[in-house]
Amino acid sequence: MITCPKCNKENQDHYKFCLGCGSELPRDASPKKFASGGTPPQGIPAVRPGAVTDDMGAKGAVAQFPPAAPAAVHPPIAAQGASSTVPVVCKDCGHTNAQTNRFCASCGAKLVLPKAGSVPAMASPAAPPVASTPSAMTVVLTALRADGSEAGSYTLPSATFTIGRDVGAIFAGDNYLSPRHATFVSKNGKLTVRDESSLNGVYRKLYRDEPIAVMIGDVFRIGQEIVRFEALSAMPATADGVERLGSPSKGYVGRIALIIGRDASGNSFPIPETGLHLGRERGDVLFPEDGYVSGLHCRISYERGQLFVTDLGSSNGTFIRISSEVDLIDGDVLLMGQQLFRINIQA
């Protein structure tokens with residue numbers, strides 16, 4: 001048994017969260033005797049130990065990943081010290097818990113318990129909880145290594161499912177994921193994803209040589225560099241007509257700024273109407289020390305009043321941070337935390 005250091009409640013060895021207060025239990029406090037198929041894998045850590053990271057999770061995002069296994073399916077947990085209790089399904093991850101649990105043993109979310117004297121949710125003829133509703137399509141997240149080979153997969157268990165560090169499984173060991181990071185919704189033959197206000201965001205990989213329109217405020221990523229589009233506005237002259245030094249010359253349509261931390265920007269570069277090329281060895285803006293940036297990586301162009309980003313066949317890709325719910329198609333690649341995932345949709 002594992003004794004919770006906060007509330008002193010005893011929990012079974014394989015529990016990750018306390019059933020009494022919901023706190024994360026110490027991982028190595030007790031030998032792991034549970035062996036009904038293996039506990040969930042502890043994420044897909046990058047293989048570049050000691051990489052320096054900033055608050056935006058800028059480092060190690062395209063490093064290689066070790067093989068990962070699908071999440072283990074837990075059997076219903078018997079009630080402790082109770083008889084003939086009705087199991088409760090976690091609305092966040094779909095895990096089945098004993099009615100005596102206050103928090104889910106798999107993800108730590110607070111459980112919604114049936115009220116005394118009410119008809120148990122599992123016995124009601126009403127529709128089952130969203131977390132246990134089977135999806136009309138099968139959606140598989142396949143983890144990718146830096147060379148494009150597969151490193152394991154995870155099948156979304158329901159039509160609406162939120163992933164994050166608190167879900168466990170292959171996401172549990174990634175500290176760059178927020179507790180609730182992104183939600184996938186499959187409905188009417190379409191799959192969408194939205195960012196749940198995560199700290200480090202959800203990025204979608206661009207397809208080679210396909211320009212994508214961007215707006216001021218959008219964020220994109222190449223290698224270990226996180227870049228934001230910003231407006232470049234001329235400062236007005238003073239009342240006596242003196243022009244301010246540093247005001248942009250005509251012919252510039254904005255700038256890109258490197259994000260180096262939370263609410264902190266580094267170097268910035270103006271974007272001329274003729275556009276910019278970014279790369280490690282060639283281009284207008286170079287990142288010579290970033291080994292994950294290709295020699296010539298991407299292009300920023302300006303056409304008919306609109307900014308575009310185009311990947312030029314880079315090895316590790318160009319990623320745009322999503323700002324709203326977006327549609328996904330089979331084969332799309334997402335960057336979340338330190339993990340790359342290919343979306344596989346099976347109707």
Side-chain angles (χ1 to χ4, degrees), residues 56-57 61 71 90-94 107 109 127-144 153-171 174 176-208 210-222 226-230 259 262 298 306-311 317-347:
M56 296 299 297
C90 175
K91 61 181 178 61
D92 287 349
C93 71
C107 71
V130 172
S132 61
T133 302
S135 172
M137 63 176 69
T138 300
V139 180
V140 180
L141 304 183
T142 301
L144 302 175
S153 62
Y154 179 83
T155 301
L156 299 185
S158 58
T160 300
F161 191 75
T162 300
I163 70 165
R165 194 174 69 250
D166 284 356
V167 171
I170 61 177
F171 315 106
D174 192 341
Y176 291 92
L177 288 174
S178 294
R180 292 172 56 84
H181 198 96
T183 296
F184 292 86
V185 178
S186 54
K187 184 178 181 181
N188 299 327
K190 294 176 58 178
L191 176 67
T192 61
V193 64
R194 68 172 179 267
D195 185 354
E196 295 292 349
S197 300
S198 65
L199 175 63
N200 292 315
V202 178
Y203 292 79
R204 182 169 61 174
K205 185 178 182 181
L206 303 187
Y207 288 91
R208 177 176 181 173
E210 293 187 12
I212 297 296
V214 293
M215 307 290 292
I216 297 299
D218 284 349
V219 174
F220 72 101
R221 183 167 185 163
I222 62 172
I226 300 176
V227 187
R228 180 173 55 233
F229 287 99
E230 297 181 346
I259 299 176
R262 186 183 303 178
C298 67
Q306 177 67 59
L307 284 168
F308 295 87
V309 176
T310 306
D311 183 81
T318 301
F319 295 81
I320 294 290
R321 182 169 182 169
I322 68 172
S323 56
S324 61
E325 189 170 67
V326 298
D327 294 337
L328 298 174
I329 62 174
D330 184 60
D332 275 350
V333 174
L334 299 181
L335 170 62
M336 296 179 287
Q338 287 185 310
Q339 306 182 67
L340 285 172
F341 295 101
R342 184 178 66 239
I343 304 299
N344 298 118
I345 302 174
Q346 303 168 9

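Remember, predicted model here, so these are calculated numbers, not experimental data.
With contacts defined as side-chain heavy-atom distances shorter than 4.5 Å, the pair T138/T155 qualifies.
Closest approach of S178 and L199 over heavy atoms only: OG-N, 3.1 Å. Scanning both residues, P211 and F308, for their nearest heavy atoms gives CB-CD2, 4.0 Å. Among all heavy-atom pairs drawn from F184 and L156, the shortest one is CB-CD1, 3.6 Å.
Using modelled atom types, one side-chain atom of R165 and one backbone atom of L177 make a donor-acceptor pair closer than 3.5 Å. In this structure, D174 contributes its side chain and Q338 its backbone to a donor-acceptor pair below 3.5 Å. The backbone N or O of M215 lies less than 3.5 Å from a partner atom in the side chain of D218, making a donor-acceptor pair.
Electrostatic pairing of E196 and R194 counts as a salt bridge here, judged by a charged N lying under 4.0 Å from a carboxylate O. The existence of a salt bridge linking D327 and K190 is confirmed by a sub-4.0 Å separation between a basic side-chain nitrogen and an acidic carboxylate oxygen.
For the atom pair N200 CG and H181 NE2, the distance stands at 6.5 Å (nearest 0.5 Å).
Outside the 6.0 Å centre-distance limit, the rings of Y203 and F220 are not counted as a close aromatic pair.
The aromatic rings of Y154 and F171 stand perpendicular to each other, their planes meeting at an angle above 60°, with 30° marking the opposite boundary.
A donor-acceptor pair shorter than 3.5 Å can be found between the side chains of T183 and T162.
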